[in-house]
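Keep in mind that what you see is a predicted model, and the values were worked out from it rather than measured. For the numbers below, each heavy atom of this structure counts, side chains included, while hydrogens, waters and symmetry mates do not.
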Amino acid sequence: MHENFSFRKVVVGNKPYAYVLNKSDLTDLTQKDRILSKLEKEGYAPTYFTNLRDSSDKTYRQILPNIISQIESQYRFNRELVTNFHLLVVGVPNVGKSTLINRLRNFHLKKGNAVKAGGEPGITRAVQSKVKINNNPLVYIYDTPGVLEPRFENIETGFKLACLNCVKNHQVNSDILADYLLYKLNKTKNFKYVEFYNLEVPSDNILEVLLHIAKSKSKIKQLKGFDNSNKKIYDIDAAGHMMIKHYFDGHLGKSMLDDDLITDLIQDDLNLEKFV
Ligand SMILES: Nc1nc2c(ncn2[C@@H]2O[C@H](COP(=O)(O)OP(=O)(O)OP(=O)(O)O)[C@@H](O)[C@H]2O)c(=O)[nH]1
């Protein structure tokens, strides 16, 4: 869970809020309840795992009533003269902020989409005009462009965000990123890629895997030799981009790059066993 802590302190402060962990369809949620209770202990409550791609997941419907009840229970925000409330959706690029706004509006107001959503990071480029999402009480919401810290606290945070298509692909070398992804998939014993790419066995050799992808998907590029002759070679870079796209589109299985959350839970289990 990537979060800018100074943002949490300065902007969220004591205001009513909800944490929404979207794209849960792409996530390994076998430990969902324990993750939620761990996050709750760390002060991230209420937190919702949502899948906004699947209309059968109704979890997002709980978000607005929860925020309204937080507003109504705090005198500071619920003054008699105030007849409408304004919410702000904030998060890293491409996590589904605009999609969430549309879904809230569709459900609570029974009205059509009001903001543009898309598969590339950076679709929302400016704070949009407010969008009405509820009538009683009157609630408006602002969409904001995805925000990232100017510098990542460590390189791994950057890799994780790039694997999830939160930063534009060309900002990162695709074979290095694919190497990180392969390491994570192997580390979490998620071997779906073996089946998906028709490999014989799992591998920790990224060049081997990318060459296999380039061959099987006919990713070829032309190079001009010194003698002006054209040479065809397998395009490892294109294969890297393809593998990352397959990952964030969910073809390489459900996974959680923040596996340190799970590691912590396993450590808790071990500690408990020792204690018992
Ligand atoms: N798999 C999956 N895709 C989703 C989900 N929610 C939204 N998407 C897709 O994710 C992409 C980005 O959605 P947006 O709503 O534009 O994301 P955003 O956070 O507003 O993006 P920026 O404007 O770049 O900050 C779109 O292609 C959505 O269809 C989800 O729950 N699961």
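The cluster map of Ile, Leu, Val, Met, Phe, Trp and Tyr, joined by side-chain heavy atoms under 4.5 Å apart, puts L252 and F191 in the same cluster. Grouping the Ile, Leu, Val, Met, Phe, Trp and Tyr side chains by contacts below 4.5 angstrom, directly or via other members, places Y142 apart from L138. Linking Ile, Leu, Val, Met, Phe, Trp and Tyr residues whenever their side-chain heavy atoms come within less than 4.5 Å leaves L223 and I220 in two separate clusters. Note on L29: it does not cluster hydrophobically with L26, by side-chain heavy-atom contacts below 4.5 Å among ILVMFWY residues. Grouping the Ile, Leu, Val, Met, Phe, Trp and Tyr side chains by contacts below 4.5 angstrom, directly or via other members, places V90 apart from Y140.
The minimum heavy-atom distance between C163 and Y247, with the atom names listed, is O-CD2, 3.5 Å. The two residues E156 and K184 have their closest heavy-atom pair at OE2-NZ, 3.3 Å. Nearest approach of V92 to K97, heavy atoms of both residues: O-NZ, 2.8 Å. Taking both residues in full, the closest heavy atoms of N106 and G112 are given as ND2-C, 3.6 Å, listed atom of the first, atom of the second, then distance. Pairing each heavy atom of A178 with each of G240, the nearest pair is CB-CA, 4.3 Å.
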inquiry  = Could you go through N135 and L109, starting from their C-alpha distance and side-chain angles, then the distance that decides it, and tell me whether this counts as side chain to side chain contact (heavy atoms under 4.5 Å, CB included)?
reply    = CA-CA 7 Å; N135 261 330; L109 210 59; 3.6 Å; yes
request  = Kindly determine whether F248 and N94 satisfy side chain to side chain contact (heavy atoms under 4.5 Å, CB included), including the steps that lead there.
outcome  = CA-CA 11 Å; F248 66 68; N94 210 33; 5.7 Å; no
Pair Q70-Y17, side chain to side chain donor-acceptor pair (under 3.5 Å): steps then yes or no = CA-CA 8 Å; Q70 290 180 55; Y17 66 87; over 6 Å; no
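Side-chain contact between F85 and I67: absent, with no pair of heavy atoms (C-beta onward) separated by less than 4.5 Å. Residues S24 and K32 are not in side-chain contact: their nearest non-hydrogen atoms beyond the backbone lie 4.5 Å or more apart. Inter-residue side-chain proximity for F49 and I35 is flagged as met; some heavy-atom pair is nearer than 4.5 Å. Counting heavy atoms from C-beta outward, L36 and E40 have side chains that stay 4.5 Å or more apart. At least one side-chain heavy atom of I63 sits less than 4.5 Å from a side-chain heavy atom of L100. Between D143 and V131, every side-chain heavy-atom pair lies at or beyond the 4.5 Å cut-off. With a 4.5 Å cut-off on side-chain heavy atoms, N102 and V115 count as touching. Contact check for I213 versus L210: side-chain heavy atoms found under the 4.5 Å cut-off.
Sequence neighbours left out, the pairs with a member in residues 212-226 that pass side chain to side chain donor-acceptor pair (under 3.5 Å) are K224-N230. Legend: side chain to side chain donor-acceptor pair (under 3.5 Å) pairs involving residues 191-211, not counting sequence neighbours, sorted by first then second residue: N186-Y193, Y197-H246, S203-E208. Note on residues 246-255: pairs passing salt bridge (Lys or Arg N to Asp or Glu O under 4.0 Å), not counting sequence neighbours, are K245-D249.
L161 contributes atom CG, which lies 10.5 Å from atom CG of L177 (distance to the nearest 0.5 angstrom). Taken from OG1 in T47 to CG in L39, the straight-line distance is 5.5 Å, to the nearest 0.5 Å. Of the inter-residue distances, the one linking M243 atom CE with I236 atom CD1 reads 12.0 Å to the nearest 0.5 angstrom. The CG atom of D57 sits 8.0 Å away from the CZ atom of R103 when rounded to the nearest 0.5 Å. Atoms CD1 and CZ, on I244 and F159 in that order, are 10.0 Å from each other to the nearest 0.5 Å. One finds the OH atom of Y60 at 8.0 Å from the CG atom of L52 (value rounded to the nearest 0.5 Å).
K130 places no side-chain N or O within donor-acceptor distance of the main-chain N or O of L87, the cut-off being under 3.5 Å. Side chain of N173 to backbone of D175: no donor-acceptor contact under 3.5 angstrom is found. Side chain of T27 to main chain of M256: no donor-acceptor pair is present (N/O by atom type, distance under 3.5 Å, no hydrogens or angles).
The only member of D25, N22, T59 that meets side-chain hydrogen bond (donor to acceptor under 3.5 Å, both in side chains) when paired with T50 is N22.
Note on ring orientation: taking the six-membered ring where Trp is involved, the planes of Y44 and Y19 are perpendicular (angle over 60°, cut-offs 30° and 60°).
Taking a 6.0 Å sphere around NZ of K111, one finds it holds 12 or fewer heavy atoms contributed by other residues, nucleotides or ligands. By the 6.0 Å contact criterion, NZ on K231 is open, its count of non-hydrogen atoms from other residues, nucleotides or ligands being 12 or less. The neighbour count for Y183 OH, taken as heavy atoms of other residues, nucleotides or ligands under 6.0 Å away, does not exceed 12.
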